[in-house]
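So the structure is just underneath, and the comments pick up after that.
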Amino acid sequence: MPNLLGEASGLMAFVRTVEAGSFSAAARDLETTPSAVSKSVSRLERKIGTRLFLRTTRALTLTQDGQAFFERVAPLLKELDASDEAIASRSAPSGRLRVSMPGEFAPMLLPGLFTRFAAAYPDLHLDVGLTDRFVDLVREDYDVVLRAGAPTQGDLMVRPLAELPMVIVASKPFANTWDAQASEDLARLPFARYVSNGVVAPVRLADGTSFVPAGRVDCDSGFAMIQAAMSGLGAAYLLRCLVAAELETGALVDLAPQRELPRLPFNALHAYGRTPPLRVRLFCDFVASEAKRLATM
């Protein structure tokens, strides 16, 4: 592999083209022309001896080598871009902080984020995305994403925030109909099931056993599962913090209060290596403090 230390402009042009989707969009971000971006990428391709893009009049597509190169280079450029904050003497973060979190966490995290955190760091521009989709952190240019569950995204850095308790809930009429104290009885219950990419999420018990629930309602969000459970359409296996209010009012009941369930990891993920910028560190610290409250709900 040739020495790429002198190809900073080409590397930046390549990464921004992948993230933005076209030479024109990358040029706007880099405040240059599409021709200049295209020439920088072409020069980089000649330097490394491989095609990074397949170009047609209508589309720009990464090659297999281009994808592998992007996954390696983009995190390095992101870390380099943040290096000034690692050595800066200033105590207050500034610039854009782009984060993604599951929509169900919004009511529990956004009030504090938009009041205490925003007030503490007035020079930060907050860009918050709410989605249950597993965003591509590097390609979609997020600083940090919040995830419930075991992290599965390659070489990203993982900051553990909390271990959140799970619960199996249902409406009172449903609970009066079904006796579900034993694990084998739980497996016979109809569930409002969480389905992601066509795969039904299993219900896990603390003794290491698990089962794939049956049911006639499939959902891709916790909010939908809660509504289905409150309507009596099935039990739901959820984070306890998501249904704390419903359990308090009696709208939902704990179907297996004597059963111990495993806790679900709640993590922050970023691509800045071991030296994340100050804004990312402070955001993770804030969410970690908020997550302690969620863990006790």
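Taken to the nearest 0.5 Å, the CZ atom of Phe23 stands 13.5 Å off from the CZ atom of Arg28. The distance from the OG atom of Ser171 to the CG atom of Leu233 is 8.5 Å, given to the nearest 0.5 Å. Atom CZ of Arg147 is separated from atom CE of Met101 by 11.0 Å, given to the nearest 0.5 angstrom. Once rounded to the nearest 0.5 Å, the distance linking CE of Met12 with OG1 of Thr32 reads 13.0 Å. Put simply, OG on Ser9 and CZ on Phe14 are 14.0 Å apart, with the number rounded to the nearest 0.5 Å. The CG atom of Leu137 sits 9.5 Å away from the NE2 atom of His270 when rounded to the nearest 0.5 Å.
Using a 4.5 Å cut-off on side-chain heavy atoms (C-beta onward), Leu261 and Arg204 make no contact. Between Leu164 and Arg263 there is no side-chain heavy-atom pair separated by less than 4.5 Å. Side-chain contact between Ser210 and Leu205 is absent, with no heavy-atom pair separated by less than 4.5 Å. Using a 4.5 Å heavy-atom threshold, the side chains of Tyr237 and Met166 count as touching. In this structure, the side chains of Tyr272 and Pro277 come closer than 4.5 Å at one or more pairs of heavy atoms. Counting heavy atoms from C-beta on, the side chains of Arg240 and Asp254 come closer than 4.5 Å. Residues Val145 and Val99 form no side-chain contact, since every pair of their non-hydrogen atoms from C-beta on lies 4.5 Å or further apart. Considering only heavy atoms from C-beta on, Arg279 comes within 4.5 Å of Leu124 through its side chain.
In terms of heavy atoms, Leu294 sits closest to Pro165 at O-CD, 4.5 Å. Scanning both residues, Asn267 and Leu161, for their nearest heavy atoms gives C-CD1, 3.7 Å.
Between Arg98 and Asp141 there is no salt bridge, since none of the side-chain N atoms of the basic residue sits less than 4.0 Å from a carboxylate O of the acidic one. Taking the charged nitrogens against the carboxylate oxygens, Glu45 and Arg55 do have a contact shorter than 4.0 Å, which makes a salt bridge. Note on Arg159 versus Asp285: salt bridge recorded, some NZ/NE/NH1/NH2 to OD/OE distance being below 4.0 Å. Looking at Arg133 and Glu140, a side-chain N of the basic residue comes within less than 4.0 Å of a carboxylate O on the acidic one, giving a salt bridge.
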- request: Begin from the C-alpha positions of Arg193 and Asp220 and carry the test salt bridge (charged side-chain N to carboxylate O under 4.0 Å, His left out) through to its verdict.
  value: CA-CA 8 Å; Arg193 311 183 304 175; Asp220 66 356; over 6 Å; no
query: Does the side chain to side chain donor-acceptor pair (under 3.5 Å) test come out yes or no for Asp136 and Tyr142, once each step is laid out?
result: CA-CA 8 Å; Asp136 187 324; Tyr142 282 98; over 6 Å; no
- request: Run the numbers on Glu290 and Arg116 for salt bridge (charged side-chain N to carboxylate O under 4.0 Å, His left out), then give the verdict.
  value: CA-CA 11 Å; Glu290 294 293 289; Arg116 300 190 305 278; 2.5 Å; yes
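Taking the six-membered ring where the residue is Trp, Phe117 and Phe286 present tilted rings, their angle falling between 30° and 60°.
The cationic atom of Arg139 (NZ for Lys, CZ for Arg) lies less than 6.0 Å from the six-membered ring centre of Phe70 and within 45° of the ring axis.
Residues Ser221 and Asp132 have side chains that never bring a donor and an acceptor to within less than 3.5 angstrom of each other. Thr209 and Asp207 share a side-chain donor-acceptor pair at under 3.5 Å. In this structure, a donor-acceptor pair under 3.5 Å is absent between the side chains of Asp218 and Tyr194.
Proximity of a side-chain donor or acceptor of Arg96 to a complementary backbone N or O of Leu126 within less than 3.5 Å is not detected. Between the Ser38 side chain and the Pro34 main chain, no donor and acceptor come within less than 3.5 Å of each other. Proximity of a side-chain donor or acceptor of Thr17 to a complementary backbone N or O of Ala26 within less than 3.5 Å is not detected.
Enclosure of atom CG in Asp123 by more than 12 non-hydrogen atoms of other residues, nucleotides or ligands within 6.0 angstrom is indicated. Surrounding CD of Glu260 are at most 12 heavy atoms belonging to other residues, nucleotides or ligands under 6.0 Å away.
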